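Following: one structure in structure tokens, then a few remarks.
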Amino acid sequence: MRRTWKLNDADLDALTIGAAILGTGGGGNPYLGKLRARALLRQGYAVRILPFDALEDDDVVVSVGGIGAPVVGIEKIEKGDECYLAMRALEAYTRCRATALIPAEVGGSNSIEPLIAAAYANLPVVDADGMGRAFPEVQMCTYFIYGARPYPAALADEKGNTVILGKVQDMYWLEKLARTVAVDMGAAAGFALPPMRGEEVRRTAVPHTLTQALGLGRAVLEARARRKNPIERVLEVAKGVLLFAGKVVNVQHRIEKGFARGQVRIEGVEGFKGSSLVLEIQNENLIARRDGEVVATVPDLITVLDLETAEPITTETVRYGFRVAVLGLPAHLRLKTPRALEVVGPRAFGYDLDYRPLEGRV
Amino acid sequence: MIRVGIDVGGTNTDAVIMERAQVVHWVKTPTTVDIMGGVLKALELVLGESGLSPERIGAVMIGTTHFTNAIVQRRDLAPTAAIRLGLPATQALPPMVDWPEDLRRALGEHIYLAHGGFEFDGRPISPLDPLELRKIAEDIKAKGVRNVAISAVFSPINPKIEVEAARIVREVIPDAQITLSSEIGRIGLLERENAAILNASLQDLGYKIVRAFSQALRDAGISAPFYLTQNDGTLMSADFAEKFPVLTIASGPTNSMRGAAFLSGIKEAIVVDVGGTTTDVGALHHGFPREASIAVEVGGVRTNFRMPDMFSLGLGGGSIVQQDPLKIGPESVGFRLTEEAWVFGGGTLTATDIAVAAGMAEVGDAQRVQGLDPTFVEAAVERMQQMIADAVDRMLLSPEPIPVIVVGGGSILVRDKVGNLPTIKPDHYPVANAVGAAIAQISGEVDRVYALANIPREKALEEARREAKQRAVEAGADPSTVEIVEVEDVPLAYLPGNATRIRVKAVGDLRLA
């Protein structure tokens with residue numbers, strides 16, 4: 001028997017909060033995912049987590065997640081086995097059996113999707129992911145940044161349609177073609193990424209991110225229960241920096257090339273009175289400028305929490321009048337190498353800025 | 001034209017007579033356990049004291065907490081079946097999946113999934129299956145249930161499939177009371193469906209309450225039509241209210257904010273409404289309450305109603321005050337204030353007693369609170385000011401000074417400044433909520449996703465405007481006064497064909513026969 005541990009009902013509450021914190025404003029709302037995972041646990045399914053260091057070299061690991069549009073996700077709720085079917089279709093095509101699943105993205109709702117598919121498949125989920133946060137597109141996975149082959153991949157919808165992307169030229173084509181298929185499937189589909197060997201996952205993944213999300217969520221829940229300051233606890237657990245505390249005074253949204261872009265302006269309160277902070281958004285919070293000076297940039301995590309409860313606030317729900325704390329959490333080293341910064345650094349998102357680590361700014 | 005506005009709150013039932021923009025007379029009476037008794041009393045009092053002949057009244061507008069209470073207390077709810085059209089999608093989370101156990105049981109857990117529903121771009125997910133629906137309807141009939149909610153995936157884009165399903169259900173259950181999710185809610189399947197199910201479960205009570213109001217008005221000699229206020233501050237006719245009682249939920253706070261704006265003539269302000277048990281603090285923008293955009297829970301059920309963004313704190317005229325250590329609220333004597341407070345000869349020390357002892361109000365018998373230690377009274381008053389100032393600070397959006405309008409029966413608890421902001425207590429402030437009901441208009445709303453590849457934006461906007469206006473007229477607005485007050489056109493991320501979500505709201509004056 002593999003060295004795994006089981007996720008329980010209470011863990012789901014913590015995980016959804018933690019995943020939303022790591023979602024840095026994007027990644028979709030994990031609320032529906034939590035309800036689905038909870039329903040499975042109550043039906044007797046088990047969700048098992050495989051510690052990162054328990055991966056064997058010859059493990060076959062498939063990364064799964066949902067692909068589509070957030071607004072469709074809240075209306076056309078999933079049948080439930082879309083990711084599972086995509087994974088099975090990929091197995092049939094490649095004639096190999098997965099021994100574990102792994103999230104592509106720990107931030108937001110895609111932290112939960114692999115748990116559901118793994119429960120159906122009776123497989124464990126590796127305690128790691130390909131982003132350590134949320135990003136808008138699949139080529140931003142560290143798996144591909146560090147050379148995992150971007151094909152074959154599979155998509156499945158609730159009607160039982162499955163599509164195999166047998167060969168793609170690179171990870172950008174993978175994103176483009178998968179997105180097109182997903183839209184035809186109704187802008188909501190299960191997506192299984194090319195199988196990886198255990199050794200490859202160890203080399204490319206962002207490790208320990210499910211336990212990190214759990215730890216963050218537990219810290220928030222415990223602090224709330226004990227009437228302690230949950231924001232301080234998040235900062236302690238994530239070794240982060242309080243970038244700002246204030247009231248949202250302006251929110252601008254627009255869509256450019258399919259991305260939700262925007263700006264959020266926050267006026268300081270408490271120790272930040274007299275200052276203001278501007279967030280640049282492209283689905284996620286990417287850049288934070290305090291009084292004109294850049295204080296954090298992608299890939300470091302810029303996360304917005306309710307000032308009282310530390311409830312994570314997404315870029316879709318943030319609005320005029322919210323009282324928020326803006327936190328900077330350092331990204332994992334694997335997102336900060338020159339190679340990674342080409343794909344997920346500020347310039348990859350169109351900002352004329354060099355990346356400077358959060359740790360070096362304070 | 002003379003209107004009567006009535007607000008049924010947890011503590012008081014208020015009635016106000018308005019002639020055009022003038023408040024003619026108002027009364028405040030305790031809410032009774034049976035509610036209607038208090039309404040009739042308020043009506044009789046306000047008519048009697050003003051000497052107004054009931055025939056001169058043109059319309060009566062009522063804001064009531066009946067339906068909110070029914071849901072919160074799980075009382076008077078009819079057994080209700082929920083049918084969702086969306087298979088094979090949506091199976092992972094069947095209807096009522098995230099409801100509190102007791103409320104789900106109160107409705108009987110009659111839950112059905114069927115084929116039908118649409119993709120975001122209007123393609124069918126699967127065709128409607130009449131046989132499948134007929135079998136479901138027969139099962140519902142066999143259980144003796146006749147209240148039914150029907151929801152379909154993306155029905156706000158195309159409600160036809162829900163209409164067709166309702167027709168089939170009615171063939172099997174001719175006296176079925178059916179609520180369609182597309183008639184009530186917006187994008188967000190679970191939340192819209194929840195609202196439809198709650199509405200269906202309130203149908204019997206809706207019928208009863210509308211009859212009872214009608215009787216109360218007749219008993220008071222009033223033959224004018226009456227209206228109920230909805231949570232966006234607009235009115236619906238009695239017929240419409242009978243069909244859509246869920247839309248009355250949380251109309252009280254909206255009424256008091258609209259009333260505060262009307263009475264003060266101020267359109268940008270913070271409104272503090274101090275009631276018997278709670279204080280609601282909200283922000284006025286262009287004379288309307290700023291709306292909350294996050295999911296709003298009603299009795300533990302998530303809905304996506306447009307509700308005012310409010311911060312509520314457990315402080316009101318009836319809040320129970322403990323002396324050592326000093327603690328104010330959230331427990332309250334509620335509508336028993338006039339029996340239990342010290343100044344009324346009772347044995348419970350309340351916030352009202354503190355206000356009287358501090359000389360801020362003249363209510364009841366001041367002799368009875370003379371023995372209170374002045375230092376304690378001052379500390380208690382200070383604590384109340386601080387609680388309200390903190391709540392106001394939460395709602396402030398900028399450091400610029402903005403007036404604070406104080407309304408509601410418990411306004412005596414507030415001094416002339418909140419923090420360093422000046423307070424305004426407009427004339428008739430104790431009945432701002434009933435005034436808000438009396439001045440309410442009629443609205444219609446459309447919220448839909450359009451694929452701009454199929455329809456040009458201008459045409460989509462035009463269609464949405466036309467339909468919103470039509471809905472307002474259907475709800476009772478005078479067609480010549482209907483205008484569009486809100487247009488929201490939000491492009492959607494990751495969707496091709498330029499999908500956009502258009503929300504349009506039309507408002508008009510009440511049409512009078």
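Just so you know, these numbers use all the heavy atoms, side chains as well, and skip hydrogens, waters and symmetry mates. Throughout, protein chains are lettered first and strands after them, A, B, ... in sequence-line order, and every chain is numbered starting at 1. Computed from a predicted model, the values in this text were never measured in an experiment.
A/Ile67 does not touch chain B: none of its heavy atoms, backbone or side chain, sits under 4.5 Å away. Using a 4.5 Å cut-off between heavy atoms, B/Ser126 makes no contact with chain A at all. Only the side chain of A/Arg323 comes within contact range of chain B, judged by heavy atoms closer than 4.5 Å. Both the backbone and the side chain of B/Gln91 come within less than 4.5 Å of a heavy atom in chain A. With a threshold of 4.5 angstrom between heavy atoms, B/Leu87 does not approach chain A through any atom at all. For A/Glu308, the part sitting under 4.5 Å from any heavy atom of chain B is the side chain, from C-beta outward, and nothing else.
Looking only at distances, a side-chain donor or acceptor of B/Glu162 sits under 3.5 Å from a matching main-chain atom of B/Ala152.
Listed by chain and residue number, A/Glu105 satisfy the side chain to side chain donor-acceptor pair (under 3.5 Å) test with A/Asn110 (two or more places apart in sequence, or in another chain).
Ranking A/Thr180, A/Asp184, A/Ile116 against chain B, the residue ahead of the rest is A/Asp184, based on heavy-atom pairs under 4.5 Å.
Using modelled atom types, one finds a donor on one side chain and an acceptor on the other under 3.5 Å when comparing A/Ser275 with A/Asp291. A/Thr24 and A/Glu284 share no side-chain donor-acceptor pair at under 3.5 Å.
Not less than 6.0 angstrom separates the ring centroid of B/Phe118 from the ring centroid of B/Phe154.
Pairs engaging residues 84-96 of chain B under the salt bridge (charged side-chain N to carboxylate O under 4.0 Å, His left out) rule: B/Arg84-B/Glu193 [sequence neighbours left out].
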